[in-house]
Amino acid sequence: MGISRLKRLLTEALSQAFTVDRLQLFGREIIKNLDLHELTGFPPNCSIPRKDAANELVEYLFEINKTIQLIHLIINTSQNGFKSEKYEFQNLKLIINEMKECGYEYNQNLNKIVKIEKNEKRNDWGFLEEGKVYNFCFVSVDICGNSKLVRKYDGAKIKESYKIFKSLVVKSVESRNGRIWSWEGDGGLLVFHLDDFVDSAVLASIDIMTSLIVFNSTMNLLGEDIIIRMGINVGGAEYKKEVDSIISDSIELAKKIEKNHTTPQTVSISKNSYQHVNSALRNYFREKEINGMTIYQLSFPIKEEVCK
Amino acid sequence: MQIEIDVYHLANSRLPDKLSKITASNKSWKFNFYDYDALEKSDKKGRIVILEEEDSYISCVDVFDAIVTKYSIYPTVIIFTVNRELYNVVRWMRRGAADCLWMGDLSDQLLKNSFKSALNYIESKMDIKAGRDERKKDNLYEEDKIELPQNYDWDSLKDGENYEMTLLSISAVMNKDAVGIYSKATVEKIYEQIRVEISAAAAPFGGKIWFWNNNGGMLIFHFGDNANLAALFSLYFANRFFLLTYEKLKLDKPLNYKMSIDSGKGLYHKTDTGHITSELLNFTVHIQHKLTSDNEICITERVYSKLSGRIRKYFAESEKFQDALIYKY
């Protein structure tokens, strides 16, 4: 069961599908200078039994943490062939099942093997690697006048209202494959990375703003409406497992736009990010010059003239 | 700044003496004393009211109501009680008292400390310096919370009966730029998807599509606070409309909407909607056809007058239609 069974299944799959020469070529997709003779210890003038070659390759890839890459390559080869030839891996389903036992799954939409998310959504979407730079769309969200509200209202009511508010943020964000990297009671940092991630960030922000109308009318326990601001910016950041320790100019700009360039009940997006937004969505935003920065804004509730 | 406190006490009460003693050295409070028999003589100037309870909530709640209604702005009320029952306190707080103080046989010093602590508590709840109506505003807001209906059963309504209801007429309108872009079959499919989305979106607000024809239909709300629920649904849906057209329907050219809402008694029939004639139904449809522009919501005065303060602010007075005032979003 587990790793040893997975290794056995992979060895079977490779030895059944490839000759030793093809296996070497196949392996070089992962390790450029792979030499199966060197790896197995067979002299160059001796032929290597298929099973031994496959077994050594699987063991070696496991040692250097490339097993996931191997499985991904096998899945792609089964779909698209390898070097213009079709290959069939008869035990592919078993490999995928065994991989699940080991905590990974194949995501067809992403064409990636990702870590299985159990109860909580993973900040790395199951596949981001520590220390690598990726493109993200960051959304900074904040409740306006939080300190005043905290001074004015009973702590329990604040806590409960903010908790409900967060739950609606989580729903809007996670339904669009976004993640909440940090949350500090009255707001936090929302992050989007998959698919059309800038559009997803904009749509989630609009969803949160419109849900707020219902929240304030039906669930808010305070004596006044909760009002929020949101700032959106796209950019790169080096991923770290401890997402709180990620330092990025792009994150800072999203926060700055939200704090210094956004009026209450408004979503602002940086000029650079605006270019990545789908044109149908762009029509709803208005260009504004606020504190010396050009940004694009959509205020809520949406007024009739905006829709035209 | 001196805070004026109106004290309503029982006849022959020792409360005025006690309060005068504990505040002798403190000039920031000014007490105006009135006994129960002199309610009418009160100037009602105090921002804070102290009410000495007779012996329980039951025996004194009428006096409480009589006092608070006399003030043009709802005062902050502290109840002084000798009743030790917890539920007695709970009932006062539910009624709108800001705090309850047990005075029993407390020494002057303990009473002074309790009183000070009550004032500190109240000050943290209301901005006395900023304005005396702060507390009232908060109370009103809290009372204005709209409850989403939890359990409702449309089958409990009988055909041919008149019921209190709120009707919402809604139409999806193709943008001028979009006319001609989509085939007839595509347009029909879009409208059908909109119908499905509206039906799903209205359910949490207790609404259902009563009847639908091509690009629009009539929603009915009957359960719970139906006028507020219909108006809240309209605001919610209006703000999400382009999310729907962009994200779900994948349309490049957005659609527009028109909504109108009226409330009152109307004839109900589950299925035979084609033959229903009611003034309410006609009026709702007329408002939409004659007064409502693209991306507008029109509501009648009957609806507006029932609206919670939490959503009333979204609607502004617009014009008269057949002698009825219309408000628009």
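In what follows, chains carry the letters A, B, and so on, assigned in the order in which the sequence lines appear, proteins first and then strands, with residues in each chain numbered from 1.
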Sub-4.5 Å side-chain heavy-atom contact between [X] and [Y]:
X        : Y        : value
B:Leu232 : A:Ile213 : yes
B:Glu247 : A:Asp199 : no
A:Leu221 : B:Lys145 : yes

Practice item. Could you look at B:Lys313 and say if it's the side chain, the backbone, both or neither that has a heavy atom under 4.5 Å from chain A? Key: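 Side chain of B:Lys313 only, per the 4.5 Å heavy-atom cut-off to chain A.
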Starting at [atom1] of [X], measure out to [atom2] of [Y] and round the result to the nearest 0.5 Å.
X        : Y        : atom1 : atom2 : answer
A:Leu281 : B:Phe242 : CG    : CZ    : 6.0 Å
B:Leu243 : A:Tyr284 : CG    : OH    : 9.0 Å
B:Ile311 : A:Asn216 : CD1   : CG    : 12.0 Å
B:Leu229 : A:Thr218 : CG    : OG1   : 9.5 Å

Does [X], at its [atom1] atom, have more than 12 non-hydrogen atoms belonging to other residues, nucleotides or ligands within less than 6.0 Å?
X        : atom1 : result
A:Asn135 : CG    : yes
A:Asn177 : CG    : yes
A:Lys256 : NZ    : no
A:Glu184 : CD    : no
A:Lys171 : NZ    : no
B:Gln150 : CD    : no

Check your understanding: Between A:Met219 and chain B, which part of the residue has a heavy atom less than 4.5 Å away: side chain, backbone, both or neither?
Key ->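 The backbone, not the side chain.
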**Study point:** Contact winner vs chain A - B:Tyr236, B:Tyr246, B:Phe233, B:Phe205, heavy-atom pairs under 4.5 Å
**Key:**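 The residue among B:Tyr236, B:Tyr246, B:Phe233, B:Phe205 with the greatest pair count is B:Tyr246.
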Review point. Side chains of B:Arg310 and A:Ser217: is there a donor and an acceptor less than 3.5 Å apart?
Key: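 A:Ser217 and B:Arg310 do not have a side-chain donor-acceptor pair below 3.5 Å.
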